[in-house]
Amino acid sequence: MLANMDHEIYTQLAKTKLLPLYTATDLSCLDKLEEVLIKNDVRFIEVTFRSELAAKAMKKLSASGELTVGAGTVRSLKEAEIAVENGAKFIVSPAVVPEVIDYCLTRDIPVFPGTATPGDIQRALEYGIKVVKFFPADIYGGLKAIKALSGPFYDVQFLPTGGIDKNNFVDYLADAHVIGVGGSFIISEAAIKKDNGITADAALKELVEQLKEN
Ligand code: 3PG
């Protein structure tokens, strides 16, 4: 079974361009998180399986239907199942994980496997997946690597994550092969906790403004 690359998640990501990566350790921050994302019209969030609260956070953030919630750091079939049961609409993995990809493809759930090498990208392509996560982007050559990989993989689009920040994200997005950027720089629990979201809101607003200018 091949991936459905016409899925609306890809169109949505290409439009929003920012995929916040969020690790939840305190569920009381989620209302404010949702509020700040909606206010800035960034209606995407990837909740990582890096905390025990991941599933609960996905469920809570999915409840209102205002955000498109995905699961990140999905390394096993079990995690993919839990994610989808709790409202995740897309799956992001740090690597190419066949059991996760098979599960997603049979359910028409967009999956972004983590890739860093031509071999990884080729494996993703064998499933028909033409949008891949490029991770860890900064360590594996950043934009220079994406440009080189886009030669042979001219029909692939990249979602770089890892080391992306407010100073370099627009450079990545200027590349036609970059569909969007992901990372913890977009919003974080720590920023929300600081002053009930004021800092997080201001920082996100600045990113969105930078996006509009470019
Ligand atoms: C990921 O899993 O995509 C990365 O850990 C994100 O890296 P960052 O924290 O540098 O954004």
Side-chain angles (χ1 to χ4, degrees), residues 9-10 12-14 16-26 29 33 36-37 40 42 44-55 57-58 61 67-76 79-80 82-83 88-97 100-101 104 109-117 120-121 124 129 131-146 149 156-173 175 177-194 199-200 203-204 206-208 210-211:
I9 291 273
Y10 298 112
Q12 215 183 325
L13 179 58
T16 306
K17 301 207 181 290
L18 296 175
L19 178 58
L21 186 135
Y22 190 85
T23 300
T25 66
D26 182 349
C29 296
L33 168 69
V36 171
L37 289 173
N40 288 284
V42 174
F44 252 127
I45 181 118
E46 173 189 333
V47 179
T48 71
F49 273 101
R50 298 187 200 182
S51 77
E52 284 177 3
L53 295 176
M58 285 169 208
L61 290 168
L67 301 178
T68 301
V69 180
T73 320
V74 177
R75 301 185 307 176
S76 69
E79 285 169 338
I82 292 171
K89 295 287 187 288
F90 62 94
I91 299 288
V92 186
S93 294
V96 176
V97 189
V100 169
I101 295 176
C104 291
I109 296 164
V111 54
F112 299 84
T115 66
T117 66
D120 296 337
I121 299 165
I129 298 170
V131 178
V132 294
K133 168 168 158 141
F134 178 57
F135 171 76
D138 57 343
I139 312 285
Y140 279 89
L143 200 46
K144 214 174 154 194
I146 290 174
L149 290 164
V156 169
Q157 284 199 292
F158 296 92
L159 172 68
T161 76
I164 315 287
D165 60 31
K166 63 177 181 171
N167 300 313
N168 63 18
F169 81 103
V170 283
D171 297 336
Y172 278 96
L173 289 172
D175 190 297
H177 286 93
V178 173
I179 189 169
V181 294
S184 56
F185 74 103
I186 302 168
I187 203 161
S188 68
E189 195 176 78
I192 287 178
K193 279 197 148 161
K194 208 171 169 184
T199 301
L204 187 55
E206 213 180 298
L207 295 181
V208 172
Q210 274 200 69
L211 256 185

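Side chains included, hydrogens not; waters and symmetry mates left out as well; all remaining heavy atoms used. Indexing begins at 1, ligand by ligand and atom by atom, following the structure's order. On a predicted model such as this, the values are computed, not experimentally measured, just so you know.
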Report summary line: The answer, listing residues by chain and number that come under 4.0 Å of ligand 1 through any heavy atom, is Leu21, Arg50, Lys133, Phe135, Thr161, Gly162, Gly163, Gly183, Ser184

Query raised in the report: Tell me, do Lys133 and Ser93 make a side-chain contact under 4.5 Å, heavy atoms counted?
Result: no

Requested in this report: Sort out for me which residue in Phe112, Phe44, Phe90 forms a ring pair (Phe, Tyr, Trp, His ring centres under 6.0 Å) with Tyr10.
Outcome: Phe112

Report summary line: The side chain to side chain contact (heavy atoms under 4.5 Å, CB included) partners of Tyr140 (sequence neighbours excluded) come to Ala116, Phe134, Pro136

Query - Result of checking Val42, Leu211, Thr68 against Thr16 for side chain to side chain contact (heavy atoms under 4.5 Å, CB included) - result: Val42

Requested in this report: Compare all side-chain heavy atoms of Ile164 with those of Tyr172 and state whether any distance is below 4.5 angstrom.
Outcome: yes

Query raised in the report: Any side-chain heavy atom of Ile121 within less than 4.5 Å of one from Thr117?
Result: no

